[in-house]
Every structure is written in C-alpha cells, then in structure tokens.
Amino acid sequence: MIDPNILSRHNLTPEEYDLIVRLVGREPNLTELGIFSAMWSEHCSYKSSKIHLKKLPTGGKNVVQGPGENAGIIDIGDGRVVVFKIESHNHPSFIEPFQGAATGVGGILRDIFTMGARPIALMDSLRFGPLENPRNRSIMDGVVAGISAYGNAIGVPTVGGEVYFGEVYSLNPLVNVFCLGLADKDKIFYARTEDAGNAVLYVGAKTGRDGIHGASMASQEFGEDTETKRPNVQVGDPFKEKLLLEACLEVMDRHLIVGIQDMGAAGLTCSTTEMPAKSGRGVEIDLGLVPQREAGMTPDEIMLSESQERMLIACKPERVEEVQAAFAKWDLDAVAIGRVTGDGRLRCRFHGEIVVDVPVSAVVDLCPMYKRPYEAPEAAPRPTETGRYPLPADWNGTLKRLLASSTIAEKEWIYRQYDHMVQTNTAHLPGAGAAVLRIKGSSKGLVMTLDGNGLYAHLDPRTGGMIAVAEACRNLACVGARPVGVTNCLNFGNPEKPEVMGQFKEVVEGISEACRTFEIPVTGGNVSFYNDTEGVSIYPTPVLGIVGLLDDMAKAVTPGFKAEGEAIILLGETRDELGGTEYLKVIHGREEGAPPGLDLERERAVQETCLEAVGLGLVRSAHDPSEGGLAVCAAECAFHGPGGIGFAIDLQGGHRPDVLLFAESQSRILVTSKQEDIAKVLDLAKERGVPAAVIGRTGGASLKFSLEGRTLIDLPAAEAKTIWMNAIPEYFKISGETENGR
Amino acid sequence: MKFGVVVFPGSNCDFDTVHALREVIGRPTEILWHKDHDLRGADCVVLPGGFSYGDYLRSGAIARFSPLMQEVREFAEKGGLVLGICNGFQVLLELGLLPGAMLRNKGLKFLCRFVTVRVENAGTRFTNAGRKGQVLRMPIAHFDGNYYADPAVLEDIERNGRIVFRYCDPDGRLTDEANVNGSLHAIAGLTNARGNVMGMMPHPERASEAILGSTDGRIVFESLLRAIAS
Amino acid sequence: MRVRILVSLKASVLDPQGQAVRNALHTLGYKAVEDVRQGKVFEVDLAGLSRDEAARLVPEIAHKVLANPIIETYAWEILEE
Amino acid sequence: MRVRILVSLKASVLDPQGQAVRNALHTLGYKAVEDVRQGKVFEVDLAGLSRDEAARLVPEIAHKVLANPIIETYAWEILEE
Ligand SMILES: Nc1ncnc2c1ncn2[C@@H]1O[C@H](COP(=O)(O)OP(=O)(O)O)[C@@H](O)[C@H]1O
Ligand SMILES: [Mg+2]
C-alpha cells in the first residue's frame with residue numbers, strides 16, 4: 001500500500017521506510033507515516049547537521065540549560081535566568097511575507113514562554129534581494145509589517161536586529177527571529193509529561209488545516225512549482241497568543257502544571273511524542289476531543305496541522321480544574337484530550353478506533369543521523385591584490401555611495417515600525433550596535449546583538465563563522481558588556497549537495513573555535529537547510545545571537561560622539577584586505593577575494609582593552625568598523641551624536657587610501673576619550689599588545705579624512721546624514737506601492 | 001491618593017504604567033480587571049496602552065464593552081479622573097467619553113519614536129505641573145493615532161481650551177513634519193468638557209525615568225497628584 | 001441566514017488607505033483608476049431569525065459595534081435566507 | 001464607472017478579526033450570531049472604460065494589488081455605469 005510515490009511525497013527514503021517498519025513492528029498507516037515524515041524531516045530531526053553541531057562548546061558554570069530544549073538558559077545571578085533562542089522562518093516568509101514573518105515571531109515567543117520566562121525582547125535578522133527590484137521591496141515590506149504586527153500587539157519590544165541585501169537572497173529571503181525572556185530560577189518549565197496517569201491538556205487556538213506538512217516543506221528545495229504547491233498558510237493571531245502567554249505564566253507561577261510544550265512545526269505530533277519521550281512515558285489521546293476549526297478533519301490533518309497559538313500541557317489529574325479555571329479567566333479553553341501512560345507509546349483514538357500506535361522513542365530519538373558527504377570548499381583565495389582595482393577619483397562621492405547602500409544605510413524605516421520601547425526596559429534605542437535593556441530592580445543590564453555576514457562566509461566559511469562570533473562579541477564590548485551565552489541560526493542551501501555540507505561543516509567549526517576562545521557557551525540554535533530556489537543556494541549565512549551582561553547600567557557606552565574636541569582613538573590596525581568588502585561590492589561591483597583575516601587572540605586583546613577602558617570610565621563613545629570600514633564607522637559615530645558633531649581624522653600611509661578608509665579589517669574599535677584620558681587608554685592597549693593611536697578629533701560640521709595632511713574627504717555632516725537616512729525610505733516612497741491592499 | 005490601572009485582554013502597557021505609578025511616582029496602584037465591577041477606591045483610573053482585543057475591528061472598539069467600562073463611565077460622569085494613554089485614548093473615544101475618532105497614521109505604518117508635544121493648556125488637572133508652551137519629549141507607538149473630528153467639534157474643543165497637547169518640533173513650532181500621524185489640528189491629547197477625562201497618544205509612562213531617555217512624562221502624573229490633593 | 005454588512009468611511013473623511021491603493025495602481029500604470037475608497041465587509045451567519053428580526057438586529061449591531069458612526073456609514077443586504 | 005471589489009479570506013484560512021467580532025457580539029448577548037468573517041471592500045471609480053474593458057481590468061488589479069491570492073479571494077460587481 002505504501003508505494004515509492006507516497007514515500008517521496010512524505011520526503012522519506014526507502015531505507016528510512018524500512019527502518020520505520022522495523023521500529024513499529026508492522027507497516028505504518030498513513031497517519032503514522034505522516035508522523036514519522038514530519039518528525040524525521042530535516043527541520044525537526046537535524047539528521048544532517050547533528051554530527052557537526054556536536055562540536056560546539058555548550059558547557060559553562062552559568063549554563064542552566066544547553067541545547068536540547070525549546071531554548072537555552074543562562075544564570076545571571078540574583079535568582080534570575082535569561083532564556084533565549086533564535087529561529088528561522090525563511091520558507092514561510094517567502095510564500096507569504098507578512099504571515100510568514102508574523103508567525104515566525106509567534107513561534108519563537110512560544111519557545112521562550114513555554115519555559116516559564118516572560119519574553120522581554122525580540123530581535124530580527126533579515127536578508128533580502130536588492131531593493132531596486134519591486135518584488136524584493138514587497139517582500140521586505142511584508143516581512144517588516146508582519147514582525148511589527150505580531151511583536152507590537154503582543155507587547156514584546158523588538159529592540160534590535162540586522163539586515164543585509166544581496167542578489168542571492170532575491171528568491172530566498174531570510175527571516176530569523178531571536179527572543180529573550182527573563183525568569184525566576186526556581187520557575188523554569190520543561191517539555192515533560194512526568195508520571196503515568198497525568199492529564200494531557202490542549203490549550204489555545206483551535207486546530208485547522210494550516211501549514212500541513214510545513215516541517216517537511218522547510219526540508220525541501222523550492223522549484224518552479226512551489227507557487228502551486230503552497231500549503232495552507234498559517235495566519236498569526238497575536239491577541240490569542242497574548243492571552244496564552246499570560247495564562248501559561250499564571251499556571252506556571254502557581255505551579256499547577258508539570259510540563260508544557262508549544263505546538264510549532266509538526267504541531268500536535270511533535271508535542272505528543274517529545275513530551276512523553278523525555279519522561280520515558282507514553283501518551284494516549286482522543287483526536288475527536290481536539291478543538292477543531294474546520295469540519296471533517298482527518299486524523300493525519302489533526303496530527304500534522306501547524307495552526308498557531310497552541311500548547312500542550314501535562315498536569316496532575318487533581319489539578320485539571322484549577323488549570324482550566326486559570327485559562328478560562330483569559331477566555332481560553334483547556335481541553336483534556338488524554339493522559340500519560342506507562343508504556344512509551346503514542347496512541348491516538350478517533351471515533352473509538354485506534355488510528356495511531358507507535359513507540360514515541362522511535363519517532364523522537366531513532367531517526368537515522370547522516371554523515372552527509374562534504375566537499376571542503378576551495379582554499380580561500382589569497383588576499384586580494386588590491387592593485388587590481390582602480391582608485392576612485394572622487395572620495396566624497398565614494399563615501400556617499402557607500403552611505404546610500406542599503407546594507408549600510410540607516411534602518412530607521414524598519415525599526416520605527418517596531419514598538420521597541422514597550423515594557424520600559426529599553427535603555428539604548430535601536431540604530432547602532434547592540435541593544436541595551438535595564439533589568440528592573442537591579443543595577444545590571446542586558447546587552448544583545450545579532451550578527452552574520454553571508455558574503456564573508458561564502459568566500460571563506462570558516463573565517464565567516466569566526467567573524468560572526470567575534471563581531472557580535474565586539475558589539476557587546478563597545479557597550480562595556482561581557483558575553484554570557486550564544487544562540488545561532490545557520491541558514492544554508494541543500495545539505496545533500498556536498499559543497500553545501502562542506503560550507504556547513506566549516507562554518508560550524510569556525511563558530512566553535514571562536515566560542516571556545518571567548519569562553520562562551522552555545523545554548524541552542526536552529527538550522528535552516530534547503531534555502532535553494534531553482535537550484536541556486538543562498539550564501540551560507542550564519543547568524544549569531546549573543547547575550548551579554550553589564551554589571552553597572554550607568555557605565556554603558558553608546559556609539560555617538562559626545563562633545564567637540566575629544567580624541568578619536570583607533571584600537572587595532574587596518575590591513576590591506578579589501579576582499580568581501582561592501583566597498584568592493586558597491587563601488588567596483590565585485591563580490592570576491594578573501595574576507596578579512598581574524599586573529600582570535602588579537603581580537604580578545606582588543607575587546608579586553610575596550611572593556612577595561614569602559615569600566616574605568618575612560619571611553620565616551622565606542623563603535624566598531626564593519627561594513628564600509630573606518631570611514632563609515634566614524635560617520636555613524638557622528639550621525640548618532642547630538643546635533644551632528646563632525647570630525648577630522650588624519651590617516652597615516654602604508655596602504656592605499658581606499659584600504660585605509662574602507663577595508664573591513666577585524667579587531668578594531670573606534671573610541672573617543674577626553675584629552676586627559678588619552679594616555680591612559682593608550683597604556684591599556686599597550687599592556688595587551690594592541691596597536692592604538694589617536695587618529696583625529698571630534699568637532700566641526702564636516703566629516704573630514706586626510707592622508708598625512710592631504711584632504712581626501714570633506715563632506716558636510718548634515719548632507720552625509722541625509723543621504724544615509726533617506727536611502728531606504730526612498731525605495732518605499734510611493735506610499736502604498738507594496739501595500740497589497742493590506 | 002490611589003491610582004487604578006485597567007487590564008483588558010491585550011493591554012500591554014498595563015505593567016509599565018503600574019511600574020511608573022508605584023515605583024517612580026510612589027503611589028499605591030490597583031490593578032483593575034476588565035471583567036470586574038469594582039474600581040477599588042481608585043481616585044484616578046488609567047486606561048493603559050496596548051492592543052485591547054487585538055485592536056481587531058477598530059482600535060479600542062471592543063474594549064469599550066467590557067463590564068468594568070460601565071463603572072468607569074459612571075465614575076467619569078461623577079467627575080472622577082480618567083486618563084487614557086494610547087489605546088486607552090482610543091477606548092475613551094469609542095466609549096464616547098471624548099469626542100472624535102482615530103484614523104490610520106498618515107504614513108500608513110505603525111510608528112514608534114520619540115516625539116515632542118507642546119502643552120497647550122497648563123490649567124488642566126493633567127498638566128498643572130507644567131507650563132503653557134512647554135515642550136515635552138515622550139515616545140509614541142501606534143498605528144491609529146491620526147485624530148479626526150467634525151469641524152463643529154474641533155471648533156468647540158479649540159474654543160474651550162480642551163486641547164492639551166499638540167505635536168510640535170523641538171522648538172515648539174507646529175509643522176507638518178512634526179505632526180507625525182496627520183492628526184487634525186496636530187492634536188496629541190484632549191480633555192472632555194468638564195476637564196476630568198483626558199486622552200493622549202504619547203506614553204508618559206515611557207518617559208518617567210532618566211534611564212529611558214526622558215522624564216517629561218512625569219508631569220502628567222504629578223499634575224494628577226496635585227489635582228487630587230487640592 | 002447570511003447577511004453582508006459593508007462599512008465605509010463617510011465621504012467627508014479622508015481615506016489614506018484608499019489613496020495609497022490608488023497611488024499604487026497609478027504607479028503600476030492603471031491610469032483609468034480615478035479614485036479608490038477602502039472599507040470593511042462583514043459576512044455574518046445568523047441562526048433562527050426571520051427576515052423582520054434580521055432587519056431589526058443587523059442595523060443595531062452595525063450601528064453599535066461594526067461601524068463607528070463618527071467616521072463611518074454602513075449598508076447591508078441578505079445573501080442567503 | 002464605479003465598481004465594488006470584495007476581498008475576503010479563503011474559507012479555510014483563520015480569521016482572527018472575524019472571531020474577535022463574533023466573540024464581542026456574543027458577549028453583548030447577540031446569540032443569534034453564529035459566525036463572522038471580516039474582509040475588505042474597495043469602491044473604485046474608473047474613467048473611460050467600456051464594460052468589457054472593465055471586465056478585463058478589474059480582475060487584474062484585484063489579483064495583482066487588492067487581494068493577496070495566497071490567502072484571499074475576491075468578487076466584484078459594477079455599481080454604476
Ligand atoms: N545551530 C545550532 N546550534 C546549537 N544547537 C542547535 C542548533 N540548531 C538547533 N540546535 C538545538 O537543537 C534542538 C532542536 O532544535 P529545534 O528543532 O529548533 O527546536 P524546536 O523546534 O523544538 O524549538 C534545540 O535544542 C536547539 O537549540
Ligand atoms: Mg519549539
């Protein structure tokens with residue numbers, strides 16, 4: 001009855017099918033096959049990635065929960081923990097940008113509050129094709145509106161994020177969403193059923209035919225027929241999720257439940273197998289009791305629906321009524337659909353008949369793991385020979401073009417649509433660098449950032465992975481915070497292609513090496529494979545989410561210049577490396593060469609210098625050069641300062657002017673200090689062997705760069721700022737163009 | 001003197017407001033559940049920001065039917081002090097305690113940012129701690145803050161000093177650009193005829209602590225303290 | 001019985017959403033489009049009501065709940081008995 | 001010519017707005033209301049088009065701009081020639 005056609009529709013190989021038959025002890029029926037298909041999909045099983053992910057460092061004295069749960073947990077002292085995680089929603093966002101992104105936010109929020117934490121911050125990492133193309137504009141407009149609609153309504157601030165633009169993302173936008181929650185250490189909840197006899201409750205939205213086979217869809221390439229193959233798109237209901245959030249936190253606060261799991265990918269299937277599997281139990285449910293939005297749903301539709309805003313709860317039988325009353329207060333039903341059993345099987349009844357009877361451990365733990373063939377990427381090309389590129393004739397014009405490039409330009413058009421202040425913890429507004437949140441009732445602060453340059457990882461996967469970690473940590477160091485934990489979202493093409501698997505392996509090893517150097521644990525993450533459309537893979541795009549702690553909020557530093565007449569000091573050094581830079585891409589039209597090199601020890605020394613200088617109160621502003629190099633970095637410091645304080649920087653030779661201005665050499669931080677503190681900062685650098693020099697001073701109304709006294713750039717700060725501010729809004733000026741009637 | 005903050009399903013600035021009133025202003029503050037019928041002795045009822053009932057249908061439209069709103073209406077009719085912030089303002093409009101309605105922002109996007117507003121009337125119970133013409137810096141965060149009322153209503157509220165705040169530039173000038181959501185007469189806050197009910201789109205609770213970038217919002221809360229004391 | 005209720009902005013109230021749609025259509029080259037007004041439509045299933053009862057009920061809920069009479073008007077029709 | 005275009009969610013797609021309206025009506029005691037689906041309506045003025053031209057143009061703009069074909073469907077009618 002199960003023929004190859006059915007198998008391929010379920011995205012299972014004949015070998016996997018044979019294993020299923022052995023594990024179940026007979027031929028599975030279609031519902032059971034659907035269960036295996038979803039849970040053994042790449043998206044849920046990590047069957048291609050697990051052997052590599054094992055290399056990541058996950059331990060540490062503050063780690064309360066590493067990978068393996070809905071989110072990671074780090075102890076931040078005072079009886080409190082932070083719970084955080086990043087997730088991708090790339091495929092759904094391509095199909096329907098608004099709902100895809102919105103439900104991505106809904107999903108990551110549930111991952112956090114299902115553990116007992118109140119979500120206090122969201123961040124988003126986005127990749128789109130160039131905005132010259134109206135299709136890309138419309139995708140971006142929809143994605144941003146979707147994130148905004150969900151996050152704003154539920155009342156969790158979107159405090160930061162990042163966005164890059166590149167042709168490879170035209171047919172495959174990336175939408176990664178990060179969420180962080182705060183919990184009391186003694187009120188953490190896990191996806192467990194505990195003892196046999198416990199009740200199993202279904203809470204939240206009714207089940208409809210939404211996103212059926214979403215998990216296996218995220219585990220397939222998109223082809224031309226994708227448009228027609230669209231499953232039912234899930235629609236997010238942030239209002240319902242807000243009720244669910246409050247009700248769940250209430251039953252947890254009162255310790256009325258023993259375990260809980262959200263229903264995201266693979267829906268009821270995932271929760272009814274993972275929860276008992278983790279407790280070594282089974283579950284028996286009656287599918288007829290599952291609240292349904294549509295008439296005539298079949299057992300496999302009920303089991304595989306990805307309707308949003310639902311949770312599965314296990315509680316002691318004598319608590320059922322109290323739990324139901326707590327949900328009723330929030331106008332939600334909590335329906336007892338079954339109970340925990342001792343036999344380790346998932347058994348589902350439907351109209352009195354048993355329609356599913358499978359061992360949960362087979363579904364959850366016995367998916368075959370693959371060591372997919374990988375092809376080491378070609379050796380990174382030698383450092384680009386800078387001499388091949390003609391020197392620009394017009395330096396002012398070159399800086400202007402870079403400031404107007406979508407990847408560099410101001411992202412206010414995006415973050416103004418996000419409520420980034422609700423919950424009244426946002427101490428530094430979005431715009432530059434890391435997000436900074438105060439913790440009410442404490443002098444400590446939380447700092448967080450997302451980072452990942454896909455072009456670097458494309459040109460040299462290992463270095464790209466390392467740089468993503470280094471840069472994220474550097475962003476924290478600029479504020480004055482030390483990293484405490486890492487989550488990551490690895491966006492790649494088809495893992496069945498050896499070259500993609502090779503990129504994956506290298507990136508993971510790079511991340512791993514950098515995290516070991518910085519001694520930070522990876523507490524979780526997400527892998528999104530099959531980001532290919534019509535056979536073309538995206539650049540390998542690791543996105544690192546790093547969370548840091550500030551001991552004293554009052555000492556936090558921002559990137560904007562503070563006053564005229566202060567010294568501008570460059571920690572670190574600029575090297576002759578133009579490969580992979582935004583400058584090469586925008587001005588010379590090339591995406592090539594080796595990305596900037598990274599010496600992890602040097603990186604550490606530079607960050608330590610900055611951290612110590614901030615701790616001693618010697619630093620007035622700090623910002624690190626990234627896309628666009630030193631020139632763009634200094635310009636941003638000017639733009640973020642009050643009233644547009646300009647600067648004059650005099651560069652010393654040794655390299656071509658374009659290298660000095662626009663190279664993206666790592667391990668550099670631009671700080672400003674009062675005149676009387678210069679020597680102290682330089683001494684701190686010297687102690688750690690970090691090159692450091694005063695390269696200019698703040699003041700005036702222009703952005704001025706000279707090379708050994710000879711003017712290169714002299715641009716009115718106000719004019720430059722206008723270019724940088726208006727670049728993205730210009731694309732969306734024709735109001736409503738991409739509204740799609742919404 | 002006691003505040004009461006109403007919690008509707010979907011309210012999300014309720015705890016921010018409670019925090020500002022209890023921890024910053026230092027006054028006892030009751031949390032009022034929308035299904036109750038009891039204002040718990042509050043001297044001033046605050047309807048907080050958020051997305052009550054998801055803001056489905058229209059912002060604030062469904063919240064107005066909450067059981068507690070009956071009490072709030074009676075309280076207001078007897079002269080009790082009622083402050084609506086953002087979504088709370090929208091609820092007051094839907095409830096008819098304040099005139100007019102909100103349309104979508106002129107840019108058709110949700111807008112979250114600091115704005116400056118000018119105190120138009122420092123004689124109200126919500127602004128007596130400020131000065132006429134004073135420019136206050138507070139955040140806004142809304143989709144539907146584009147105030148609309150019939151010409152007759154506008155004339156009435158103008159004539160009777162019921163406009164409390166107008167969007168202005170940092171120097172206090174009224175410009176098209178400063179009127180970020182396109183409100184008629186740049187209205188950011190107004191009172192009822194009797195002066196005991198005010199709605200405002202900016203969030204004073206988000207501008208009550210230096211660490212959040214402004215303390216100008218405290219003027220609203222401190223004015224209420226004075227009003228109740230006298 | 002199924003009824004349809006159309007809620008639209010009064011003619012005197014500016015409709016920024018309709019304007020945006022019109023501008024978008026113009027940008028796409030649909031010059032024949034002179035004006036666009038955007039509104040809401042509700043399809044409501046009613047149980048056990050006679051025509052007369054519906055004719056009393058629908059205007060009531062439209063006026064009280066579905067439309068904001070300050071800025072909106074409504075119209076309704078029966079789709080199915 | 002004036003046309004009316006109704007855009008509604010496909011039947012199987014969740015309609016949180018319609019649900020919220022239905023719940024509100026129930027709370028207010030309108031128990032006869034069984035279900036509510038909310039959609040959008042556009043009234044569009046077209047200049048200088050024949051009936052046939054309109055019959056080509058309207059579905060095109062409805063599909064391309066007014067409705068999101070992934071989750072919505074549309075219907076249209078001529079209100080005035
Ligand atoms: N890139 C990664 N690095 C480390 N851990 C990861 C990574 N990707 C996934 N994981 C971990 O693998 C587990 C399964 O992930 P996932 O399927 O995304 O969880 P769920 O879908 O249940 O929320 C999680 O604990 C997650 O943290
Ligand atoms: Mg999960």
Side-chain angles (χ1 to χ4, degrees), chain A residues 118 141 144-145 147-158 236-243 245-247 328-332 412-431 436-438 440-441 443 445 553-554 556 643 729 732-733 735-736 739 742, chain B residues 7-20 22-24 33-36 48-57 59 62-63 86-87 104-115 138-143 170 180 202-214 217:
Chain A
R118 179 172 285 278
D141 192 62
V144 171
I147 293 172
S148 146
Y150 211 104
N152 298 355
I154 199 166
V156 179
T158 304
D237 183 354
F239 171 58
K240 180 137 288 173
E241 181 132 314
K242 169 73 171 162
L243 303 180
L245 160 72
E246 297 298 342
K329 174 185 160 192
W330 292 98
D331 304 322
L332 293 170
E412 188 183 65
W413 186 89
I414 298 176
Y415 65 75
R416 276 224 173 133
Q417 296 185 51
Y418 300 153
D419 187 339
H420 47 264
M421 304 190 216
V422 63
Q423 297 196 19
T424 58
N425 298 318
T426 311
H428 294 186
L429 297 178
V436 180
L437 271 69
R438 59 116 170 240
K440 287 191 182 103
S443 60
M553 271 303 289
F732 294 93
K733 216 169 62 189
S735 110
E739 278 290 308
R742 196 169 281 121
Chain B
V7 179
F8 298 107
S11 293
N12 64 32
C13 303
D14 41 354
F15 287 98
D16 303 356
T17 308
V18 170
H19 171 82
R22 280 189 190 155
E23 311 300 327
V24 182
W33 183 239
H34 70 111
K35 287 182 192 168
D36 288 346
F51 286 67
S52 56
Y53 293 90
D55 273 358
Y56 296 143
L57 187 60
S59 303
I62 300 180
C86 195
N87 194 236
R104 198 122 271 208
N105 295 344
K106 68 178 175 188
L108 296 178
K109 299 279 184 208
F110 190 95
L111 198 52
C112 176
R113 54 172 290 192
F114 268 96
V115 296
M138 287 186 264
I140 55 164
H142 58 248
F143 219 145
V180 291
H203 286 268
E205 82 283 8
R206 296 186 185 187
S208 290
E209 294 169 87
I211 198 169
L212 303 177
S214 170

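Chain A is the first sequence line, chain B the second, and so forth, proteins listed ahead of strands; every chain is numbered from 1.
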Non-hydrogen atoms of chain A under 4.5 Å away: do they reach the side chain of [X], the backbone, both or neither?
X        : result
B:His203 : neither
B:Ser11  : backbone
B:Glu23  : neither

Looking at B:Cys13, B:Ala20, B:Gly10, which makes the most heavy-atom pairs under 4.5 Å with chain A?
-> B:Gly10

Checking [X] against chain B: side chain, backbone, both or neither under 4.5 Å from a heavy atom?
X        : value
A:Asp237 : both
A:Arg438 : side chain
A:Thr426 : backbone
A:Leu245 : neither

On the 0 to 90° scale, with breaks at 30° and 60°, tag the A:Phe732-A:Trp413 ring pair as parallel, tilted or perpendicular.
-> parallel

List in chain and number order the residues that pass ring pair (Phe, Tyr, Trp, His ring centres under 6.0 Å) with B:Tyr56, two or more places apart in sequence or in another chain; answer none if no residue qualifies.
-> none

Would you say A:His420 and B:Arg113 make side-chain contact, with heavy atoms under 4.5 Å?
-> no

For residues B:Pro9 and B:Tyr53, determine if any side-chain heavy atom of one lies less than 4.5 Å from a side-chain heavy atom of the other.
-> yes

Would you check if the side chain of B:Asp16 reaches a backbone N or O of A:Val422 as a donor-acceptor pair within less than 3.5 Å?
-> no

Using salt bridge (charged side-chain N to carboxylate O under 4.0 Å, His left out) as the criterion, list what pairs up with A:Lys440, not counting sequence neighbours.
-> none

